[in-house]
Amino acid sequence: MRRRTVLAGLALGGLTATAAGCSRGGSGSGGSGGGGGDVDISDTEMEASIEFAAWESDFDWESVIAGFNEKYPNITVEVTKSPFKEFFTRLQTQASGDNLPDAFMMNGPNFQLYASHDILVPFDAAVDSGDLDFGNYPEAMADLYTYEGTPYGVPTSYDSIGLWYNTELFEKAGVDVPTDDWTWDDLHEASKSISEALADDGVYGFAGGAYNQELFYNLIFQAGGEVLNEDSTKAQYSSDGSRAALQFLRDMVEDGSSPSIQTTADTSPDELFKSGKAAMVYGGSFRVAGYVDSAVGESIQVVQLPIGEQRGVVLHGGAVVANAASENASAAAAFAVYHGSQEGQEIIGESGASIPAFQGTEQAYIDAHPEYDLDVFPKSAAEYGFPYPVSANTQAWLVVESDMVPKILAGDLSVEEGTTQLDEKIDALLAEEEA
Amino acid sequence: MTQAAAERPSSGPAAGRRGRGTSGPTGRGGTGRGGTGQGRSRRAPNPDGAWPWLFVLPTLIGLAIFYFWPVIQTAYYSFTSWGVFGGAEFVGLENWVDLLQSGEVPRALINTLAYTAMLLLGIPISIYIASLLNRPGLRFAAFYRVLYFAPFVSMPAAIALVWGMIFNSQYGILNQFLGIFGIPAVFWTSTEWVALIAIGIVGIWSSLGFNIIILGAGLRSISPEMYEAARIDGASNWRQLISITVPLLSPSIFFLTVLSVIHGMELFDLIFIMIGESNPIRSDTQSMVSLFYRQAFISNDKGTGAAIAILLMLIIGVLTAVQFAVQRRRARLD
């Protein structure tokens with residue numbers, strides 16, 4: 001029943017605000033003077049004890065730390081974990097109290113909030129010294145963690161999106177299965193044929209819905225549109241490409257290729273797909289574990305997303321950042337840089353749950369499920385990944401987006417009218433960020 | 001003996017306010033008189049000096065620190081603009097003006113009031129069920145009471161999840177049941193207004209248990225002779241309910257009305273769980289508290305959040321004051 005997008009968790013964040021407010025003080029942090037300017041990670045003999053805050057995940061941080069300690073033997077890293085839902089609420093409380101951990105995990109929607117408040121250690125020194133090379137990561141991930149030209153985060157892993165399909169349902173409907181070269185028209189046509197052929201079983205060709213990262217952001221980029229402009233000061237939902245993308249999804253709902261938005265509000269697209277009620281779905285690389293255990297696990301496969309005006313896929317993933325105010329900022333930065341090195345990333349990849357950001361270390365993720373062509377995820381990420389759109393206060397306008405887009409896709413608002421309203425409302429919020 | 005013991009819960013906080021004048025089965029008249037008399041004597045100078053204050057001081061300090069002070073602070077914050085990482089800056093009425101201009105508040109208020117009205121509907125239903133459970137000689141009465149009380153002790157989040165499955169348009173049991181009679185599938189949680197009714201149904205269902213316990217205690221304090229006398233005079237069951245049960249239950253009913261209104265105005269968890277992401281009616285189905293949550297914790301606008309919280313507190317205060325005024329007037333009229 002739980003609808004799981006990467007972002008849904010974020011939205012739930014605030015519930016435990018008070019609970020998180022009164023917890024622990026960090027080990028070595030708490031300094032208020034900014035020491036971020038003179039961070040130097042070159043001294044591998046430096047002595048420090050740092051706290052690293054992570055949200056609960058499958059990553060094997062203990063092994064990463066063991067590897068880190070081979071290089072920096074005198075730095076003790078203590079990991080504190082909290083559930084993802086509480087992670088950013090807790091972080092925000094700690095930031096308000098000048099009590100942030102020395103190093104912590106970060107995600108896209110929250111990144112600029114911290115980067116713009118001079119809380120994070122800039123990594124340009126590490127880039128200059130050659131310890132860190134953003135060329136190793138998908139370009140979109142480097143973009144995501146760069147604020148006003150300066151990198152403030154070392155990518156950990158990322159999620160990419162692919163077109164998952166159910167071979168059994170395709171066979172039953174007598175339709176040819178998708179290929180990597182499919183276009184939007186192919187997708188629409190096949191969806192319509194399947195919906196019509198299998199109407200009696202209540203099967204839809206395509207499970208659309210209204211997710212952003214897994215669905216319409218991809219289409220917007222494929223249509224040559226944008227969500228925000230280059231410097232995140234204006235919303236671009238009413239750009240031609242964005243409108244074309246939403247119109248495409250609206251058309252799919254209207255002719256029954258895809259279920260109504262009310263249906264997907266009750267039963268999420270991936271649930272429809274997992275229960276064999278939909279032949280195709282746009283699913284993230286993080287869905288694999290859920291799909292493989294589902295009723296359709298044996299009869300599904302994944303290909304690259306269909307092509308619009310161009311190819312495109314939205315990339316989002318976590319990073320490790322360092323607290324600029326920490327006395328041990330250098331040690332924290334060293335840890336962040338190490339975790340993003342090839343060595344560190346290979347350990348991260350071992351869990352097989354997520355694609356490590358360092359290109360060439362994905363093999364463990366791909367090999368975890370050889371029955372699926374999981375290499376489409378890193379491949380698409382490297383070739384045509386677009387960064388997940390963020391601004392300084394991403395959450396504020398995501399609320400507006402998640403209120404309005406379902407209305408547009410459901411036809412309660414026309415695409416033209418709806419996107420105009422979206423831009424107006426979000427522009428006002430973005431203007432507040434500037435102020 | 002049992003009557004006196006059972007009496008107490010029914011005259012709980014509501015009657016307690018009017019002092020110790022509640023005088024058992026004779027009901028309202030006595031209660032009313034006791035109330036006014038008690039009120040007057042309270043204003044007379046206390047012969048014990050400052051001692052009573054000393055005894056309530058521990059509680060008073062706790063209340064002051066954990067209740068009164070935060071309320072005052074929240075009121076102040078409603079006139080400030082918050083940085084994401086703290087630091088409030090005084091902005092005068094800006095939050096309040098924004099709030100009134102946004103158009104979200106009226107809709108949230110209508111939704112909240114509609115939900116509250118539905119919760120009040122639960123009280124007559126509870127009276128009916130409570131009087132059924134209270135019939136002499138009913139078998140398994142204790143079992144039924146536990147059954148009705150179970151929702152009250154269950155986690156609201158779990159309740160919302162389970163009802164979400166029941167209301168599911170695809171595989172929900174409700175639509176399957178209606179399907180037997182050829183009724184087409186209803187989108188319970190994603191159709192405007194219908195979703196509010198669905199949430200109201202869950203709200204009523206969860207409140208029944210508590211209502212029935214309170215009303216049951218009140219019912220047991222009504223003397224069986226009254227019903228006997230009424231039957232001899234030829235009063236029907238319905239007549240007995242209207243002329244004996246309801247008037248004599250009125251302290252309990254009043255108490256439940258006040259609580260239901262406060263509870264209804266604080267609607268949050270059902271909406272939060274039943275109206276999820278990607279739901280086209282999400283913005284039309286916000287309550288005052290869920291609006292507060294969005295402003296304060298998702299949009300990081302704690303100032304406007306504080307303004308909503310204060311507004312909600314004022315509305316609940318006014319509603320409760322009106323309820324007490326009406327009750328006092330009725331008590332005097334009797």
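Quick note on labels: first sequence line is chain A, next is B, and so on, each numbered from 1. Note that this is a predicted model, so its numbers are computed, not measured. Note: hydrogens, waters and symmetry copies are ignored here, and every other heavy atom, side chains too, is used.
The CG atom of A/N212 sits 8.5 Å away from the OG atom of B/S278 when rounded to the nearest 0.5 Å. Annotation: the span from B/N168 atom CG to A/E271 atom CD amounts to 8.0 Å, rounded to 0.5 Å. Remark: B/N279 CG to A/D403 CG distance equals 10.0 Å, nearest 0.5 Å. One distance of note links CD of A/Q262 with CD of B/Q170; it measures 11.0 Å at 0.5 Å rounding. Between the CZ atom in B/F297 and the OG1 atom in A/T89 there is a gap of 8.5 Å [rounded to 0.5 Å].
For residues 188-202 of chain B, heavy-atom neighbours of chain A at less than 4.5 Å comprise B/T189, B/S190, B/T191, sorted by residue number.
Residues forming a ring pair (Phe, Tyr, Trp, His ring centres under 6.0 Å) with A/F111 (at least two apart in sequence, or on another chain): A/Y145.
Contacts of A/T394 with chain B are absent, with no heavy-atom separation under 4.5 Å from either backbone or side chain. With a 4.5 Å cut-off on non-hydrogen atoms, A/L409 does not touch chain B at all. Looking at B/D301, there are no atoms closer than 4.5 Å to chain A (heavy atoms on both sides), in backbone or side chain.
With a 6.0 Å radius and a threshold of 12 heavy atoms from other residues, nucleotides or ligands, B/I173 has its CD1 atom at or below the threshold. In B/Y148, the OH atom is not crowded: 12 or fewer heavy atoms of neighbouring residues, nucleotides or ligands sit closer than 6.0 Å.
Contacts with chain A were tallied for B/S299, B/G172, B/A296, B/P280; B/P280 has the most, counting heavy-atom pairs under 4.5 Å.
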Point to revise | Candidate pair A/S275 and B/Y171, rule side chain to side chain contact (heavy atoms under 4.5 Å, CB included), full reasoning | key: CA-CA 11 Å; A/S275 57; B/Y171 55 81; over 6 Å; no
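The heavy-atom pair separating B/F187 from A/D266 by the smallest distance is CD2-OD2, 4.4 Å.
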